[in-house]
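Each residue takes its place number in the sequence, starting with 1.
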Amino acid sequence: MPQEGEVRPRMAMQGPPLGTRTLLIACVLGCLASRAWGYRPFVSTDAAVAERQEIEIELGYFTFARTQGENTFTIPSLVLNYGLLTHIELVGELRLQQRPTQTIDVVDPGLFVKAVLTEGILQGKDGISVAIEAGPLLPSTVPGERQFGFEGIGILSGRLPPFTYHVNLGGGVQRADSKPVAIWGVIGEWPVGPTVRVVGEVSGEQARGERSQHAALLGVL
């Protein structure tokens, strides 16, 4: 019990951690949606766009990295797709990253236009779907990445029964040093049941004069 005249220390009020807040926001967005579905949290994309005047919200996955005894958390990437016109959508994306210093950075923000050039299997027709996506890479809050960049890719989506594939190939200019970079990715889907598919992706990028970076993902839907 505090004595007379003694000041009781005030407890600091802390809000929920960033990951919890992100999950709460995701739940609210899901409740507000008229319809929703789950899909793959891949780096690459397919040759389809949102319907006109519809909004699609995509959330990626959590990542955890430990380097030289320090932990870095990356909160799920957020992608917003808005159907601007028939076969054309606007795409905005970003990620939040929490560094060991508890600093929150906005990572990999970008604003793109995606357009379907050729209707195919993803539009309910025969043949290969063809699309392009291009636009500026917006400045990040990460030191050294506070400049604009650019990215553009071509996208093919097709089917080689029983597989469905999505091929991405393109390039751009990095934010950090304005170096040109090549980008590629391949997604494969294999139906193993009426409602079950095995899906996987391999992707990569390489800037001029640097080693290439590769990633792979395998899962079940």
Side-chain angles (χ1 to χ4, degrees), residues 18 22 40-49 56-68 70-82 84 88-117 130-157 165-188 200-218:
L18 180 60
T22 303
R40 50 186 182 248
F42 290 156
V43 175
S44 306
T45 185
D46 56 24
V49 298
E56 295 178 355
I57 301 170
E58 304 175 20
L59 291 175
Y61 44 82
F62 288 92
T63 61
F64 168 77
R66 184 173 179 83
T67 305
Q68 297 180 350
E70 296 185 337
N71 301 329
T72 300
F73 296 90
T74 301
I75 309 305
S77 59
L78 175 64
V79 181
L80 299 177
N81 306 309
Y82 175 71
L84 183 64
I88 298 178
E89 72 176 10
L90 295 178
V91 182
E93 62 181 52
L94 60 83
R95 292 187 297 122
L96 297 180
Q97 183 172 283
Q98 185 175 33
R99 290 187 280 172
T101 59
Q102 304 302 310
T103 302
I104 305 299
D105 286 318
V106 177
V107 182
D108 295 337
L111 183 63
F112 309 99
V113 175
K114 185 177 180 182
V116 175
L117 302 181
V130 181
I132 58 172
E133 182 176 294
L137 303 175
L138 304 179
S140 166
T141 62
V142 176
E145 296 186 5
R146 298 175 180 176
Q147 303 178 53
F148 284 90
F150 179 82
E151 184 176 293
I153 58 172
I155 310 154
L156 302 178
S157 292
Y165 63 86
H166 313 282
V167 179
N168 291 205
L169 184 62
V173 178
Q174 291 183 328
R175 296 180 187 85
D177 47 23
S178 299
K179 287 184 178 180
V181 59
I183 304 167
W184 62 273
V186 178
I187 300 171
E201 177 196 34
V202 289
S203 62
E205 63 178 58
Q206 182 173 14
R208 178 181 295 177
E210 298 181 5
R211 296 182 60 182
S212 60
Q213 301 181 25
H214 304 283
L217 186 149
L218 181 66

Could you tabulate the donor-acceptor pairs under 3.5 Å formed by side-chain atoms of residues 170-180, not counting sequence neighbours?
from: Arg175; atom 1: NE; to: Leu138; atom 2: O; distance (Å): 2.5
from: Arg175; atom 1: NH2; to: Pro109; atom 2: O; distance (Å): 2.6
from: Asp177; atom 1: OD1; to: Lys179; atom 2: N; distance (Å): 3.1
from: Lys179; atom 1: NZ; to: Glu210; atom 2: OE2; distance (Å): 3.4

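In this structure, CG in Asn168 is found 9.0 Å from OG in Ser203, a value given to the nearest 0.5 Å. Taking CD1 of Ile183 as the reference point, atom CD of Gln213 lies at 11.0 Å (rounded to 0.5 Å). One distance of note links CD of Glu133 with CD1 of Ile155; it measures 5.5 Å at 0.5 Å rounding. To the nearest 0.5 Å, atom CG of residue Leu80 and atom CG of residue Leu111 are 10.5 Å apart. In this structure, OG1 on Thr141 lies 9.5 Å from CD1 on Ile104, to the nearest 0.5 angstrom. In this structure, the separation between CD1 on Ile187 and CD on Glu201 is 5.0 Å, given to the nearest 0.5 Å.
Nearest heavy atom pair, residue Ser44 against residue Gly185, reads OG-CA, 3.4 Å. Residues Phe150 and Gly135 approach most closely at CD1-O, 3.3 Å, considering heavy atoms. Counting all heavy atoms, side chain and backbone alike, Phe112 lies closest to Glu151 at CE2-CB, 4.1 Å. For the pair Ser157 and Ala47, the tightest heavy-atom approach, listed with the atom from each and the gap, is OG-N, 3.0 Å. Of all non-hydrogen atoms in Val181 and Ala207, the two that sit nearest each other are CG2-N, 3.8 Å. The two residues Ala48 and Glu89 come nearest to each other via the heavy atoms O-OE2, 4.2 Å.
A donor-acceptor pair under 3.5 Å is absent between the side-chain atoms of Ser212 and the main chain of Glu205, judged by distance alone.
At a threshold of 4.5 Å between non-hydrogen side-chain atoms, the residues Val167 and Trp184 do not count as touching. Between Thr45 and Lys114, the closest side-chain pair of non-hydrogen atoms falls below 4.5 Å. Residues Phe148 and Pro139 meet the side-chain proximity criterion, which asks for heavy atoms closer than 4.5 Å. Residues Ile57 and Leu78 form a side-chain contact, since some pair of their non-hydrogen atoms from C-beta on lies under 4.5 Å apart. Side-chain atoms of Val49 and Ile88, non-hydrogen and from C-beta on, never get closer than 4.5 Å to each other.
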